[in-house]
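To start, the structure itself, in structure tokens.
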Amino acid sequence: MIDVSGFTSAPVLDGTRWLVTVKSLDQVERRRSMLDRQRTGQVGRLAPRPVADGLLVDLHLRGGEAVVAGSQPFREPRHIVKDGLGYLLTECGRVVHLNRDLAEIGSTRGGWFAFLHTVDIDEEGRRLIASAGYDCVISRDQAWSAWEHGFNPTSAGVWLTDDETVAAGLEWGGMDVLLVDPSEYGEQGLVTSGRTAHISCAVWSGDGGFLFIAGKEGAVYRVGPEWGRADRVLSDLGRLPHGLRRLPDGGWTVTLTTRGEWRVMDDDFETIEEWSVADVSGKHPAAGDAEWVQQAIPAGGGRWLLLDANRGLIAVDVVRETICRYSVPAEWCLQDALMVEQ
């Protein structure tokens with residue numbers, strides 16, 4: 001583990017432009033709630049809440065500062081990827097298609113779209129959507145449910161299903177069952193504490209299958225091209241990890257959110273290197289010992305941009321061992337970012 005807090009200060013990512021998803025504008029309150037849950041060991045909310053208003057921000061890093069070039073509102077935007085000459089953005093309950101000028105030109109909804117986290121695109125243009133609200137992964141002509149592949153019951157012992165016959169059988173066996181009808185839950189789906197997996201990320205694996213993060217377990221699973229069973233390939237990532245990404249030169253990276261760390265691995269998920277920002281200065285004093293790095297995003301040439309709920313944006317060059325912290329508004333709940341050409 002490499003502690004980056006001792007790296008030399010330098011404007012690591014000056015001159016770059018980013019599209020940043022800000023999930024909501026209530027980070028101060030969210031930090032307080034996060035700390036309360038960490039103290040009690042609770043994973044996620046126990047009760048529904050209103051969908052928050054967030055932003056897609058056009059952000060330029062220059063002179064050691066984060067300069068807002070523009071922004072537009074969305075409902076809890078979480079993830080953005082390139083799609084041809086435009087972009088795909090996940091809102092809470094839909095995938096939004098934006099042109100290169102960030103104007104909305106279309107969107108996709110689905111009955112099982114809820115609390116959407118990520119969208120990935122393969123070489124054939126197929127989309128892979130992580131619907132955390134219902135513990136499922138969805139593509140154009142396929143859907144995979146964690147409930148049907150070993151992720152049952154919930155931590156409270158409740159079995160989840162959308163099949164009346166399955167529900168009747170479980171009830172006959174004396175099980176506590178929740179028959180889920182998505183029309184009753186809306187675009188947030190089940191509350192986080194009521195889910196079995198909390199799929200915070202899903203990415204194509206290159207063979208027609210996919211990998212996903214089971215946030216509650218702190219593990220990564222692989223599902224083969226038949227979209228059947230899930231095999232664990234990585235574990236012990238701490239609570240609610242994020243940011244599973246394939247690296248351009250091969251291998252993978254993942255963000256250990258509640259440890260303030262990120263990791264680079266080979267194609268077999270063997271660790272090559274790990275870094276930590278847990279001792280980096282500038283942390284919000286109310287956070288105490290808690291860490292929450294939402295994403296560690298590769299920016300090329302050994303450079304990374306970290307979205308830290310308690311410090312803002314942190315740019316790190318692990319080759320030159322330099323670091324820079326870019327301040328953003330305290331109310332921003334940072335979720336994801338995509339580097340784009342100026």
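Residue numbers start at 1 and run along the sequence shown.
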#### Entry: Trace of the side chain to side chain contact (heavy atoms under 4.5 Å, CB included) decision for L19 with L102
CA-CA 10 Å; L19 300 179; L102 305 181; 3.7 Å; yes

### Query
Yes or no on side chain to side chain contact (heavy atoms under 4.5 Å, CB included) for T90 and T118, after CA distance, side-chain angles and deciding distance?
CA-CA 7 Å; T90 60; T118 62; 5.8 Å; no

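Side-chain contact between V119 and L116: absent, with no pair of heavy atoms (C-beta onward) separated by less than 4.5 Å.
Between the side chains of Q294 and H242, at least one donor N or O lies within less than 3.5 Å of an accepting N or O. Remark: the H284 side chain and the N310 side chain contain no N/O donor-acceptor pair separated by less than 3.5 Å. No side-chain N or O of W159 forms a donor-acceptor pair with one of T161 less than 3.5 Å apart.
Ion pairing between a basic and an acidic side chain is recognised when a charged N comes within 4.0 Å of a carboxylate O; E91 and R78 show no such pairing. Between E261 and R263 there is no salt bridge, since no side-chain N of the basic residue sits under 4.0 Å from a carboxylate O of the acidic one. Comment: R94 does not engage E187 in a salt bridge, judged by the lack of any side-chain N to carboxylate O separation of less than 4.0 angstrom. For the pair E291 and R311, the salt-bridge criterion is met [side-chain N within less than 4.0 Å of a carboxylate O].
When all heavy atoms of L247 and V264 are compared, the closest pair comes out as CD1-CG1, 3.8 Å.
Using the six-membered ring where Trp is involved, Y221 and F151 have ring planes that are perpendicular, over 60° apart on the 30 and 60° scheme. Ring planes of F212 and W144: tilted class, angle from 30 to 60°. Aromatic ring pairs are classed by plane angle as parallel below 30°, tilted from 30° to 60° and perpendicular above 60°; the pair W304 and W275 is tilted.
With sequence neighbours left out, D101 forms a side-chain hydrogen bond (donor to acceptor under 3.5 Å, both in side chains) with no residue at all.
Residues V293 and V318 fall within the same hydrophobic cluster, defined by Ile, Leu, Val, Met, Phe, Trp and Tyr side chains chained together at heavy-atom separations under 4.5 Å.
The stretch residues 130-157 participates, sequence neighbours left out, in no salt bridge (charged side-chain N to carboxylate O under 4.0 Å, His left out) pair at all.
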